[in-house]
Amino acid sequence: MHLKNKPFVYLLLLLLISAVIYLFLPNKDRNNDNVTTVINSDFNYLPTSTTNTIIKHQYYSLSYHEDYEQAEWVAYELKKEDLSNSNRKRPYFIQDKKVKTQSADYRNYKNSGYTKGHLCPAADRKFSKNAYDETFLTSNISPQKGDFNSGIWNRLERKTRYWANKDEQLFVVTGGILKNNLKTIGQEKVAVPEQFYKILLDYSEPEIKAIAFLVPHEESKAPLYKFVVSIDSLETITGIDFFPTLPDTIEEKLESNSSYKDWSF
DNA sequence: CTGAATGAC
DNA sequence: GTCATTCAG
């Protein structure tokens, strides 16, 4: 290249410098809603969908099951840095526009005797207003008894945040056990699960570990470890392959395990 | 923290 | 639908 073409050289240099600066800039998009993010670049472990209806939101993903008017799973990453104490105002639950078959209307829950139980908890997405508000979609809730929701289920969610803080980050999958002939509420017949499950995967090397819970839909004062089950057993019940992208040897080892010795309660 | 219910705009 | 307020586990 001839040096007489100076403007062009300067332009190239400028571009190069800009690119370098950009690459080394801290990634702030989990705290700043004004930055457009690559959607779900963090989700590498999404479960399979029995309905072929995976919905990807900015801060969590889900598989919707129209027959039961709720998600069969909701999955998201929970990082230590996500945990914040900021007080946010609760928005109202609205339908999830990404669900083409229409997610349940919140009125189905009104006077049903059941509360609108978050699957991806609002408290796990408090790091930004958009993340928080995004959990208030009816595709992210399931009918839960009030004392169950604020009782043992709340305890499990708080324990999950405790572990996320301790282990830096967790991948979380949660939902109700959906099956035929469940009790329903509202005009749209939203199914009331008889059990709820939650799976936690600590994928940070070198000690990858996982734990799964299957909790009956009723308040209990029993310690949480009483509800530990293997991921395999949940896969048998739900028909979902929870970590299809994990290397088979790791997957096999993690999923057959129902021990909780690696987790402090 | 987890939620509901009510009345006014 | 939004807002403000009050209340319960």
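So you know, we letter chains A, B, ... as the sequences are listed, proteins then strands, and number each from 1. Note: hydrogens, waters and symmetry copies are ignored here, and every other heavy atom, side chains too, is used. Note that this is a predicted model, so its numbers are computed, not measured.
For the atom pair NE2 (A/H57) and CG (A/N140), the distance works out to 8.0 Å, reported to the nearest 0.5 Å. Distance check: A/Y203 OH to A/D167 CG gives 11.0 Å after rounding to the nearest 0.5 Å.
Here the P atom of nucleotide B/dT2 and the CZ atom of A/R125 are 13 Å apart, to the nearest Å. The interatomic distance linking A/K159 (NZ) with B/dC1 (P) rounds to 18 Å, in whole Å. In this structure, A/Y114 places its OH atom 14 Å from P of B/dA4, rounding to the nearest Å. Spacing between atom CZ of A/F148 and atom C1' of B/dA4 amounts to 18 Å, rounded to whole angstrom units. When the P atom of B/dG3 is taken as reference, atom CZ of A/R158 falls 12 Å away, rounded to whole Å. One atom, CZ of A/F93, and another, C1' of B/dA4, lie 11 Å apart when rounded to the nearest Å. If you measure from atom NZ of A/K145 to atom C1' of B/dT2, you get 17 Å, rounded to the nearest angstrom. Rounding to whole angstrom units, CG of residue A/N165 and C1' of B/dC1 are separated by 16 Å.
The shortest distance between the side-chain N/O atoms of A/H118 and the OP1/OP2 oxygens of B/dC1 is not below 4.0 Å. The phosphate of B/dA4 has OP1 or OP2 within less than 4.0 Å of a side-chain N or O from A/K116.
With no hydrogens or angles considered, a side-chain donor-acceptor pair links A/S264 and A/K166 at under 3.5 Å. When only modelled atom types and interatomic distance are considered, A/S103 and A/S139 share no side-chain donor-acceptor pair under 3.5 Å.
Where A/S150 and A/Y106 meet DNA chain C, the nucleotide closest to each residue was compared, and A/Y106 sits on the side nearer the 5' end. Nearest-nucleotide assignment on DNA chain B puts the 5′-proximal partner with A/N85, out of A/N85 and A/Y109. Closest-nucleotide positions on DNA chain B for A/Y92 and A/P121 were compared, and the one nearer the 5' end corresponds to A/P121. Heavy-atom distances to DNA chain C give each of A/R107 and A/K89 a nearest nucleotide, and the one nearer the 5′ end belongs to A/R107.
First and last contacts of DNA chain C with chain A, using any nucleotide atom under 4.0 Å from a protein heavy atom and ordered 5' to 3', fall at C/dG1 to C/dG9.
Using a 4.0 Å heavy-atom criterion, one finds that A/G117 contacts the sugar-phosphate atoms exclusively. Among the atoms of the strands shown, only primed sugar atoms or phosphate atoms (P, OP1, OP2) are found under 4.0 Å from some heavy atom of A/N149. The residue A/N111 sits close only to the backbone: its heavy atoms come under 4.0 Å of sugar-phosphate atoms, none of a base.
Residues A/L214 and A/Y68 are members of separate hydrophobic clusters, defined by side-chain heavy-atom contacts under 4.5 angstrom among Ile, Leu, Val, Met, Phe, Trp and Tyr. Both A/L83 and A/L200 sit in one connected hydrophobic cluster of ILVMFWY residues. Membership requires side-chain heavy atoms under 4.5 Å apart, directly or through other members.
Between A/F196 and A/H217, the ring planes lie perpendicular to each other; the angle is over 60°, past the 30° to 60° tilted range.
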